[in-house]
Amino acid sequence: MTTRLTSQTEAASERDRTLSQIQDRVLWLAMQMVHHANNVRPNPDGSKVGGHQASCSSLVTVMTSLYFDFMRAGDRVSIKPHASPVFHAIQFLLGNLDQEYLKALRGFHGLQAYPSRTKDPDGVDFTTGSVGLGAVAPNFAALSDEYARTHLFSRGEPGGRYISVVGDAELDEGAVWEAIAEPAMSDLANILWVI
């Protein structure tokens with residue numbers, strides 16, 4: 001029994017070290033993307049392009065754990081708008097984004113400041129630019145999935161989990177609180193909110 005516990009502890013320590021290394025890389029990439037957009041990329045009029053380094057860095061640990069440890073096939077995530085550089089850094093590390101895009105945050109035909117299903121090239125699950133609406137989209141996707149399964153529109157197999165990563169800006173929106181209070185939500189087991 002002691003040997004098994006020791007090997008489990010060692011495996012957990014190795015996983016934690018690996019996640020920590022990934023987290024450091026995600027943070028570095030995200031901050032470099034914002035820095036490049038504001039200080040390296042040519043900018044003829046000198047205006048600041050923007051980027052939200054504090055909002056990004058506040059979610060690096062959470063998003064690293066989600067994408068590299070917690071999530072499984074079929075899960076869908078809504079990422080808070082200001083964490084877009086972290087999302088793109090993770091997608092690059094997962095092999096879902098070409099390296100050249102890391103230099104194109106908030107650039108013409110580049111990565112969007114807020115995750116966008118139609119404008120970003122790296123598989124955004126939910127567009128979150130309209131603050132509040134992106135946060136609740138997974139709720140309604142989960143409801144639609146449940147309806148399809150229970151009304152025999154699908155094979156009846158449970159779908160993935162629907163995850164919302166939200167910050168204080170989203171919590172200021174009335175639509176978020178209305179969605180959380182929706183009675184139909186209480187019966188769904190495949191929704192996770194990370195605040």
Side-chain angles (χ1 to χ4, degrees), residues 22-23 25-39 41 43 47-68 70-71 75-94 96-98 100-144 160-182 185 191-195:
I22 294 169
Q23 172 186 293
R25 184 68 175 159
V26 168
L27 178 61
W28 187 85
L29 285 168
M31 296 306 103
Q32 286 300 312
M33 289 169 63
V34 174
H35 173 74
H36 191 275
N38 286 301
N39 302 304
R41 188 169 61 221
N43 186 354
S47 62
K48 182 180 176 192
V49 173
H52 304 279
Q53 289 177 319
S55 293
C56 287
S57 60
S58 70
L59 276 174
V60 170
T61 301
V62 168
M63 289 176 61
T64 299
S65 295
L66 277 176
Y67 279 93
F68 293 95
F70 178 76
M71 288 175 54
D75 289 352
R76 300 287 176 252
V77 180
S78 172
I79 302 296
K80 81 175 199 159
H82 292 166
S84 179
V86 174
F87 172 78
H88 296 306
I90 287 171
Q91 294 307 308
F92 168 71
L93 292 177
L94 290 171
N96 299 328
L97 183 67
D98 186 87
E100 286 305 308
Y101 277 105
L102 299 179
K103 298 176 184 173
L105 178 68
R106 299 189 104 165
F108 185 65
H109 292 298
L111 298 175
Q112 300 301 299
Y114 304 142
S116 171
R117 292 184 70 217
T118 58
K119 297 175 185 170
D120 281 320
D122 50 0
V124 172
D125 292 324
F126 297 97
T127 298
T128 58
S130 298
V131 175
L133 296 179
V136 302
N139 285 24
F140 299 109
L143 278 173
S144 297
R161 297 170 294 183
Y162 295 89
I163 304 164
S164 291
V165 178
V166 300
D168 58 343
E170 291 77 30
L171 294 178
D172 283 343
E173 301 298 320
V176 170
W177 294 104
E178 291 169 7
I180 292 171
E182 171 61 41
M185 293 293 121
I191 295 178
L192 172 67
W193 278 53
V194 180
I195 300 173

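For Phe92, the CZ atom is densely surrounded, since the number of other residues' heavy atoms within 6.0 Å is greater than 12. Taking a 6.0 Å sphere around CG of Asp168, one finds it holds 12 or fewer heavy atoms contributed by other residues, nucleotides or ligands.
The two residues Ser55 and His82 have their closest heavy-atom pair at CB-CB, 3.4 Å. Scanning all heavy atoms of the two residues, the minimum distance from Ala113 to Arg106 falls at CB-NE, 3.1 Å. His35 and Gln53 get closest at one heavy-atom pair: N-NE2, 4.2 Å. Contact detail for Ser57 and Met31: the closest heavy-atom pair is N-CE, 4.1 Å. Across Pro138 and Tyr162, no two heavy atoms sit closer than the pair O-CB, 3.6 Å. The two residues Pro121 and Leu111 have their closest heavy-atom pair at CD-CD2, 3.7 Å.
One distance of note links CD1 of Ile79 with CZ of Phe126; it measures 10.5 Å at 0.5 Å rounding.
Annotation: side chain of Phe70 is not in contact with side chain of Ser65 (no heavy-atom distance under 4.5 Å). Residues Tyr67 and Leu94 have side chains in contact (heavy-atom distance under 4.5 Å, counting atoms from C-beta outward). In this structure, Leu171 and Ile195 have side chains that are in contact, with non-hydrogen atoms separated by less than 4.5 Å. When side chains are defined from C-beta on, Asp120 does not count as touching Phe87, because their heavy atoms never get closer than 4.5 Å. Put simply, the side chain of Leu29 reaches to within 4.5 Å of the side chain of Leu102, judged on heavy atoms. Contact annotation: the side chain of Leu59 approaches that of Lys80 to within less than 4.5 Å [non-hydrogen atoms, C-beta and beyond].
Listed by chain and number, the residues in a salt bridge (Lys or Arg N to Asp or Glu O under 4.0 Å) with Asp75 are Arg161 (sequence neighbours excluded). Taking Ala179 as the reference, Val136, Asn139, Phe140 meet the side chain to side chain contact (heavy atoms under 4.5 Å, CB included) condition, with sequence neighbours excluded.
No donor-acceptor distance shorter than 3.5 angstrom exists from the side chain of Ser84 to the backbone of Pro81, with no hydrogens or angles considered. Under a 3.5 Å cut-off, the side chain of Asp98 and the backbone N or O of Glu100 do form a donor-acceptor pair. Side-chain N or O atoms of Arg76 include none that pairs as donor or acceptor with a backbone N or O of Gly160 at under 3.5 Å.
Under the side-chain contact (heavy atoms from CB on, under 4.5 Å) test applied with Arg117, the options Thr128, Asp125, Val124 reduce to a single match, Val124. Shown are Met33, Gln112, Gln32, His36; of these, the side-chain contact (heavy atoms from CB on, under 4.5 Å) with Leu105 is made only by Met33.
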